[in-house]
Amino acid sequence: MEMTNTAARRSTGEAQLLPLPSIYSLTLDELKEWLVAHGEKPFRATQIYEWLYGKRVTDFAEMTNLPKRLREQLASAFSITTLKTIVKQTSKDGTIKFLFELHDGYSIETVLMRHNYGNSVCVTTQVGCRIGCTFCASTLGGLKRHLEAGEIVAQVVQVQKALDETEERVSSIVVMGIGEPFDNYDALIKFLRIVNHSKGLNIGARHITVSTSGIIPKIYQFADEGMQINFAISLHAPTTELRTKLMPINKAYPLPKLMEAVRYYIEKTGRRVTFEYGLFGGVNDQLEHAEQLAELLKGLKCHVNLLPVNYVPERNYVRTPRNQIFAFERALKKHGINVTIRREHGHDIDAACGQLRAKERKEETR
């Protein structure tokens, strides 16, 4: 099995050695294939997974029940991806936001959110984003590169290691950090299979949510994967015209076609879809917008998650007044739409997606 890597370290501008491929990028079956190809028994893959995800070691030499020769082979073929913490912000509500540095000097954000039902981790799938949503800090500076599956997995492992200190565990994952997950589809699917596997991080499929801004061909593909992962659409507008103003992706994948793909997903999987709807003061938060949204979603097996937006200095959107948020919610409920207002996390820190990176790494986000 051929393994490839992405970028050389960029920070000095000098040619440097590429890091070895991340062992976190291998599914259990791929690891078995590699072992057999190198003259080893496939059962060793389960042992290695236990060291990686159960004991969370960072050095192959620590895998003491493996033959020394195999440990040396692994060390010469793979790296155990570690992320350098640049900034760690802790909110009064317990939310922790990490700014991690990758091997090539780029940075990503990962967030730990505490709920009454457990600890949720929001992971990033790309360095930057090319989707260009007008309200989002993640798209500042555009897309730098995709993350490897192992770099996405490493975010969860890193947060889990922080939770190990208090004997807690990651109980759910949301793929809603920096980047468009479906723009890095293959790495995303591999990540999902690894963290979901009982020998991996063992996060139940129904405790994992993937969100997309609406890359239609990938929605059809995702529906056909046969995974029980929760699925969310970043909608933010009830009409084609308004959505295009907020989200330029709507030009390539217009709202009517997006809704066709959503219907296919629901019919194929039998699962409901969550629509993320950020409320922007004076833009998409009027009662007429609520009526239009109710009409758009009529008859669909769905849930609407209303998001009071976090203020982003680089953007000029303002928060919807609290009473107006409740009025919007009531208007949807009147039409039988299942709706909740998302509890805010990290309001006293750089909570908006991409905001911490934009502040700390200005050279990346220009």
Nearest 0.5 Å please: distance from the [atom1] atom of [X] over to the [atom2] atom of [Y].
X	Y	atom1	atom2	answer
Q292	N284	CD	CG	10.5 Å
F222	T269	CZ	OG1	9.0 Å
R114	S91	CZ	OG	11.0 Å
L102	E151	CG	CD	5.0 Å

Classify the side-chain pair Q158/K161 by whether it contains a donor and acceptor separated by less than 3.5 Å.
->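 Side-chain D/A pair, Q158 to K161: absent.
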Regarding N230 and R271, is there a side-chain donor-to-acceptor distance under 3.5 Å anywhere?
->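 Yes, because at least one side-chain N or O of N230 sits under 3.5 Å from a partner of the opposite role on R271.
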Is there a side-chain contact between [X] and [Y] in this structure, where contact means two heavy atoms from C-beta onward sitting under 4.5 Å apart?
X	Y	answer
L201	I194	no
V339	N305	no
F326	R322	yes

Measure from the ring center of Y53 to the ring center of Y24 and say whether it is less than 6.0 Å.
->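 For Y53 and Y24, the ring centres are under 6.0 Å apart.
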Centroid-to-centroid, F60 to F78, below 6.0 Å?
->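 Not close enough - the centres of the two rings lie 6.0 Å or further apart.
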Taking side-chain hydrogen bond (donor to acceptor under 3.5 Å, both in side chains) as the test, write out the residues that go with K268, two or more places apart.
->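 By the side-chain hydrogen bond (donor to acceptor under 3.5 Å, both in side chains) rule, K268 matches D224.
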Is any NZ, NE, NH1 or NH2 atom of the basic residue among [X] and [Y] found under 4.0 Å from an Asp or Glu carboxylate oxygen of the other?
X	Y	result
R130	E180	no
K245	E241	no
E225	R193	yes

Which donor-acceptor pairs under 3.5 Å do the side chains of residues 36-50 make with protein atoms, sequence neighbours left out?
unit_1, atom_1, unit_2, atom_2, d
H38, ND1, W34, O, 2.8
E40, OE2, R69, NH1, 3.0
R44, NH1, Q47, OE1, 2.9
R44, NH1, N65, O, 3.2
Y49, OH, L26, O, 2.7
Y49, OH, L28, N, 3.0

Looking only at atom types and distance, does a side-chain atom of T134 sit under 3.5 Å from a main-chain N or O of L246, one as donor and one as acceptor?
->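 Yes, T134 side chain to L246 backbone: donor-acceptor pair under 3.5 Å.
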Just one of L258, I219, I131 clears the side-chain contact (heavy atoms from CB on, under 4.5 Å) bar with T212, so which one?
->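 Running side-chain contact (heavy atoms from CB on, under 4.5 Å) over L258, I219, I131 with T212 returns exactly one hit, I219.
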Would you check, one step at a time, whether the test side chain to side chain contact (heavy atoms under 4.5 Å, CB included) holds for L297 with F275?
-> CA-CA 9 Å; L297 305 183; F275 291 98; 3.6 Å; yes
With F280 via ring pair (Phe, Tyr, Trp, His ring centres under 6.0 Å) - residues at least two apart =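 For F280, the residues satisfying ring pair (Phe, Tyr, Trp, His ring centres under 6.0 Å) (neighbours in sequence not counted) are F135, Y317.
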Connected via hydrophobic side-chain network under 4.5 Å: L307 and M247 =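 No; M247 is not reachable from L307 via cluster members.
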